[in-house]
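Here the structure comes first, spelled out in structure tokens, and everything after it is commentary.
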Protein chains: 2
Amino acid sequence: MTKTRTAVHHDASSSSGDPQAIGRMVTSYDVAKLAGVSQSAVSRCFTPGKSVSERMRTKIMRAADELGYQPNAIARMLITKRSNLIAVIVSNLSVNPDFASILSQHMIERGLNLLFFTLDQDADADRAIQQLWQYRVDGVISAAELSVEQIGVLRERGIPLVFINRLYDVMGANSVGCDHAEGEGWLIEKLVSAGHSRFGIVAGPEASVVSRMRLRGALDKLAALGCAAPQVVHSDFTYAGGREAMRGLCGGKKRPDAIVCANDLMAIGCIDEARLALSLKVPDDVSVVGFDGYAPGQWGGYQLTTVRQPVASMVKAAVDMLVARIEEPSMATEKRVFSGELVEGSSARID
Amino acid sequence: MTKTRTAVHHDASSSSGDPQAIGRMVTSYDVAKLAGVSQSAVSRCFTPGKSVSERMRTKIMRAADELGYQPNAIARMLITKRSNLIAVIVSNLSVNPDFASILSQHMIERGLNLLFFTLDQDADADRAIQQLWQYRVDGVISAAELSVEQIGVLRERGIPLVFINRLYDVMGANSVGCDHAEGEGWLIEKLVSAGHSRFGIVAGPEASVVSRMRLRGALDKLAALGCAAPQVVHSDFTYAGGREAMRGLCGGKKRPDAIVCANDLMAIGCIDEARLALSLKVPDDVSVVGFDGYAPGQWGGYQLTTVRQPVASMVKAAVDMLVARIEEPSMATEKRVFSGELVEGSSARID
DNA sequence: TTGTAGGCGTTATCAC
DNA sequence: GTGATAACGCCTACAA
């Protein structure tokens, strides 16, 4: 009775030779049989940090190579309760194309794999959370906003979570981000001290946390410097949205002399609208600044004055933080805030 | 003896109440016990297409909700040998930012999840293949080039593979792509019939299959129309590379009157170099065309004449093709080639 | 160091 | 329709 399983395995492989030929997967039992050792020896051999004698190791490895054996991660996950899988959630608006690539590299270095979720519709977030839970991911990195309930679900289930570029004041929501308010403050300061006085602000969607933080930073600094309240319009973070917003801001009598955009893409739209439709010179007639460090903003025609987010640092910090929580789940919630880097382009009149 | 497992389960949950409280995962046994039914009943209840009586279903679902039970996908994978995981491989050069998002949506519709691999270094491809095999993915979509050996490994292991935008003539390499030669042909035809005669071509890296196909299409069409051999330079698909290439092409005596670029990003670089550094008017002094349908190419300042790849169609076709192969592994190798769409912008002088 | 035996949580296969 | 029991492929005490 106790030998049933072993017998089955032996039968299967001895009755028809090469297991691959009959479409069965090569298991550690096949390797063990060929090498003439026990299955557990094979297992140890493929588990880093377990002691196996040199003789046995070579014998097993030879057999494994011959059969093309690779351990089945699924069976391993089931017993170790470690999937080495990290769920990465991004919203479709997500700007930075390097993001996935950088993240992927850091994961590779740590032997982690990346289960990818894109959020297009609102319902997608719930589905993503359900799926990543079913796959028993070791942790989650989110570049998308999640509801308090969704964060709560992850917390209850003990899945470590790190937000990237979404600073939340919610229990259990670790995050790494960029100091949006500080960055906007720098831009405003520069613009004011260069003599700008009529500000127009192109914010993002009202619901966007990032947009709100940037807007707040700009407004606070303007107030602190004693400037008149700026004209604020909300847009949608897109190029077309930027152009439209610019049209709106410059339609009135008192055209702004400085446009502060909540991201680079909209700033680019503003510049194009100014030059191509409004016949305004940038930065002579109007200064335009953005935020992000979007590559096209640095193309010859734009040379956007902006604040570059330290994406590489942020991503590395997020992975570090997540891994720390996976290894030590009781770690306290933490935020890491990086300063951006002021990029003085030529889209704004600054000293 | 035969009751050992059941006994263990019952002991664990009855001795300490709520299983979540002690960090154990909620299993189908917990639900079964609470609902007063067998574990198999719970399993059937969560398996679409299995018959369960209405009474039992409600009883089980109530218990499941109460405990927050979700089936463990890992255990399911182990027995069903279906992971519902699709590996997606992209190279870091990968241009189209929507790609991941579109792909993700199609996968969601089919209940598939996305295991994501980015290739930065050459060794990454082998690692990716090793990993995706260990996770027993159901299939692979690759937007990166793989070696014949790597394709062979997947074939041997019976993992369906579909290339996207990489047409290979290798056994077992299904693919969906865009007709690069046809598209370049359209561009060349338009340019020639508008009177252009001195062509400069900015190709991609020599190793790039896509670049080679586009270059071949352009050269063939030029030859067919009896044009003089164009000046060809190779670059790296980047903005900076495009600017540099433009400088090179226009440095000689006989400046080209039409620049054909292997992608939009380089074309944008060429336009900027022409306008900002060489003081040339586009398209009056020189026409520039690209290939891809990269969004910034349509910004006001560029309005690139180009061929837009039907990304959405291609991605959908790739997923369809892959799923078909997963369900019917013996299907013959297939290529699907989509025509691009000519975008007549204003970066080229065309009737 | 090596082998034995018992799970991990699910689906599949039978009897009933 | 329902319930017992055997896989799935591996890791891990524990005994040798």
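Below, chain A is the first sequence line, B the second, and so on; all start at residue 1.
Rounded to whole angstrom, the span from the CD1 atom of Ile74(B) across to the P atom of dG7(C) amounts to 20 Å. In this structure, Leu78(B) places its CG atom 17 Å from P of dG7(C), rounding to the nearest Å. Rounded to an integer number of Å, the gap from CG of Asn84(A) to C1' of dC10(D) is 14 Å. Between Arg136(B) atom CZ and dT11(C) atom P there is a gap of 19 Å when expressed in whole angstrom units. Residue Asn72(A) contributes atom CG, which lies 13 Å from atom C1' of dC8(C) at whole-angstrom precision. In this structure, the OH atom of Tyr135(B) is 18 Å from the P atom of dG9(D), given to the nearest Å. We find that CD of Glu54(B) is positioned 16 Å from C1' of dT2(D), with the value rounded to whole Å. If you measure from atom NZ of Lys33(A) to atom P of dG3(C), you get 16 Å, rounded to the nearest angstrom.
Using a 4.5 Å heavy-atom cutoff, the side chains of Thr333(B) and Arg155(B) are not in contact. Residues Ile60(A) and Val31(A) form a side-chain contact, since some pair of their non-hydrogen atoms from C-beta on lies under 4.5 Å apart.
Applying the 4.0 Å criterion to OP1 and OP2 of dT2(D), one finds that Ser38(B) has every side-chain N and O outside that range. OP1 or OP2 of dC8(C) has not a single side-chain nitrogen or oxygen of Thr27(B) nearer than 4.0 Å. Taking 4.0 angstrom as the limit, Ser28(A) places a side-chain polar atom (N or O) nearer than this to OP1 or OP2 of dC10(D).
Of the residues Ile159(B), Leu154(B), Asp124(B), Val140(B), the one that meets the side chain to side chain contact (heavy atoms under 4.5 Å, CB included) test with Ile129(B) is Leu154(B).
A donor-acceptor pair is defined here as one N or O able to donate and one able to accept, closer than 3.5 Å; such a pair exists between the side chain of Ser83(B) and the backbone of Arg136(B).
Residue Met77(A) is classed as having no contact, given no heavy-atom separation below 4.0 Å to the nucleic acid.
Take Gln134(A) and apply the side-chain hydrogen bond (donor to acceptor under 3.5 Å, both in side chains) test, not counting sequence neighbours, and it matches no residue.
Rounding to the nearest 0.5 angstrom, the gap separating the CG atom in Leu115(B) from the CD atom in Gln131(B) is 8.5 Å.
Across dG9(C), dT2(C), dG1(D), the shortest atom-to-atom separation from the side chain of Val52(A) is found for dT2(C).
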Could you pull out the protein-nucleic contacts involving nucleotides 11-15 of chain D (nitrogen or oxygen on both sides, under 3.5 Å)?
from    : atom 1 : to       : atom 2 : distance (Å)
dC11(D) : OP1    : Arg76(A) : NE     : 2.9
dC11(D) : OP1    : Arg76(A) : NH2    : 3.2
dC11(D) : OP2    : Ser43(A) : OG     : 2.4
dC11(D) : N4     : Gln39(A) : OE1    : 3.3

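Below 30°, between 30° and 60°, or above 60°: for Phe116(A) and Phe116(B) the angle between ring planes is below 30°, a parallel geometry.
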